[in-house]
Structure formats: C-alpha cells, structure tokens
Amino acid sequence: MTHNSQAEPEARIRNAMRQLLAGPVPDGLKCDVESLCTLAGVPRATLYRTYPHLKAEFDRQWQAAQEAGQQPDPRLARIERLKAEVATLRERLTRKNAELSVLKEFQATALSRLAAQHELIAALRKEVESAPHATVHTLPAR
C-alpha cells in the first residue's frame, strides 16, 4: 500500500470519530466502533488490523467524554437518565412499602381495639338491661 492509499481511510476514520464524539450521532448509528466503521466506510477488520492506533484514540476520547459527563450519543444519555430515574423510583417504592406496612399494623391494632371496646360496651349494656332495680340514667342526646 502506498502512503496516499492509507491517508484517505485514515482521514475518513478521523472525520467519523469527530462526528460521533461531537454529537449528535446520526440516526441508526451509535457512538461505538461499529458505527465508526460504518460512518467511515471502513471494514471493522481493517480498523483493528491497520488502524489500531485510531481505535485506541477513539476509545480514549470516548472514555474521556464519559468521565467529563458528556454523552455524544443521546440514546445512551437517555438510558443513563432512565436508569437514574428507575433507581429513584425503586427507593421511593421501598419507602412507600415500609410506610404501608406501618399503616397496616396501625390499622390492625386500631380494629382490634375497636372490637374489644365494642364487646365491652355490649357486655355493659347487657349487664344494665339484666339489672331491673339498678338506677341507670341515660345521657342527654347531643
């Protein structure tokens, strides 16, 4: 291969790297090696065999963009945002389930107390009704 024949694919790969890393990523592509090759019109085997330094450079730049909080691929940014939202919703669901458990326990205790009070009132009424000579005054209605 002559120097000129290698310069053109290398330039296409570099242009594709800039395009993918600067964003937005063209429809149907991702910010990955496969899309880099597709956009540059270079087979993946050629990239790995002939231009490993460009693949390594692409990987470094992609990693640096990630570490800087940049996401050239809006789909990946959306996935990350949705993952964070799911984690927040899971935490919220866990808290709500704990609150619900406490409320169910309170409800059970309250119902048990109401049932006991009802039984006591019924027993007292029965006792009053069975004592014919007892002096029981009814309370005035509200």
Side-chain angles (χ1 to χ4, degrees), residues 1-131 134-142:
M1 272 191 178
T2 64
H3 184 58
N4 277 348
S5 65
Q6 260 191 317
E8 191 207 331
E10 186 166 338
R12 289 196 325 259
I13 293 169
R14 288 189 182 282
N15 286 336
M17 284 171 52
R18 277 191 291 278
Q19 186 176 352
L20 288 176
L21 292 168
V25 175
D27 287 342
L29 299 179
K30 300 176 185 175
C31 192
D32 62 4
V33 171
E34 185 176 343
S35 294
L36 174 66
C37 292
T38 300
L39 198 57
V42 174
R44 269 177 39 180
T46 301
L47 178 70
Y48 283 94
R49 188 173 39 248
T50 310
Y51 304 102
H53 61 286
L54 293 179
K55 187 214 175 282
E57 184 179 333
F58 177 75
D59 290 340
R60 276 194 306 276
Q61 288 181 16
W62 185 85
Q63 187 65 38
Q66 293 289 313
E67 289 170 1
Q70 300 167 348
Q71 184 56 265
D73 190 340
R75 290 168 289 221
L76 293 178
R78 184 166 186 230
I79 288 169
E80 291 305 314
R81 200 171 48 254
L82 290 172
K83 282 181 181 178
E85 186 177 335
V86 165
T88 300
L89 290 172
R90 285 183 195 270
E91 288 174 16
R92 185 174 169 198
L93 181 61
T94 299
R95 282 194 314 272
K96 293 298 180 186
N97 283 340
E99 290 174 15
L100 182 61
S101 179
V102 168
L103 290 173
K104 283 183 176 181
E105 189 177 316
F106 175 78
Q107 179 188 34
T109 302
L111 287 174
S112 175
R113 287 180 182 168
L114 284 172
Q117 289 173 350
H118 178 72
E119 286 178 21
L120 179 62
I121 290 170
L124 290 173
R125 281 191 177 142
K126 194 172 186 179
E127 188 180 316
V128 166
E129 291 170 359
S130 66
T135 311
V136 178
H137 303 283
T138 52
L139 295 175
R142 288 188 183 179

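Note that these values count all heavy atoms, side chains included, but never hydrogens, waters or copies made by symmetry. Here the structure is a predicted model, which is why all the values come from computation and not from measurement.
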Q. Given side chains that start at C-beta, do those of Leu82 and Glu85 come closer than 4.5 Å, heavy atoms only?
A. yes

So CZ of Arg60 and CD of Gln63: to nearest 0.5 Å the spacing works out to 11.5 Å

Closest non-hydrogen atoms of Leu20 and Cys31, given as atom of the first, atom of the second and distance, are O-SG, 3.7 Å

Rounding to 0.5 Å, atoms NE2 (His53) and CG (Leu47) come to a distance of 9.0 Å

_Main chain of Glu105, side chain of Thr109: is a donor-acceptor contact present, judged purely on distance under 3.5 Å?_
yes

Practice task
Might you work through the side chain to side chain contact (heavy atoms under 4.5 Å, CB included) test for Arg92 and Arg95, ending with a clear yes or no?
Solution key: CA-CA 5 Å; Arg92 185 174 169 198; Arg95 282 194 314 272; 3.9 Å; yes

Value for NE2 (His118) from CD1 (Ile121), rounded to nearest 0.5 Å, stands at 8.0 Å

When rounded to the nearest 0.5 Å, the distance separating CZ of Arg49 from NZ of Lys55 is 15.0 Å

Does the side chain of Asn97 come under 3.5 Å of the side chain of Thr94 through a donor N or O and an acceptor N or O? no

dist Trp62:CH2 -> Leu21:CG (nearest 0.5 Å) comes out at 10.0 Å

| said: Less than 4.5 Å apart, side chain to side chain, heavy atoms only: is that true for Gln117 and Leu114? | reply: yes

ask   = When you look at CD of Glu127, are more than 12 heavy atoms from neighbouring residues, nucleotides or ligands closer to it than 6.0 Å?
value = no

### Task
Before giving the answer on side chain to side chain contact (heavy atoms under 4.5 Å, CB included), spell out for Tyr48 and Val33 the whole-Å C-alpha distance, their side-chain angles and the decisive distance to 0.1 Å.
CA-CA 10 Å; Tyr48 283 94; Val33 171; 3.8 Å; yes

Note: Phe58 and Asp32 closest approach over all heavy atoms is CE2-C, 3.8 Å

Using distance alone, with no hydrogens and no angle criterion, decide if Asn15 and Arg12 have a side-chain donor and acceptor under 3.5 Å apart.
-> no

Here the gap from Leu39 atom CG to Lys30 atom NZ, rounded to the nearest 0.5 Å, amounts to 15.0 Å

Exercise. So does Lys96 pair up with Glu99, basic N to acidic O under 4.0 Å?
Worked result: yes

In short, Leu54 meets Met17 closest at the heavy-atom pair O-SD, 3.8 Å

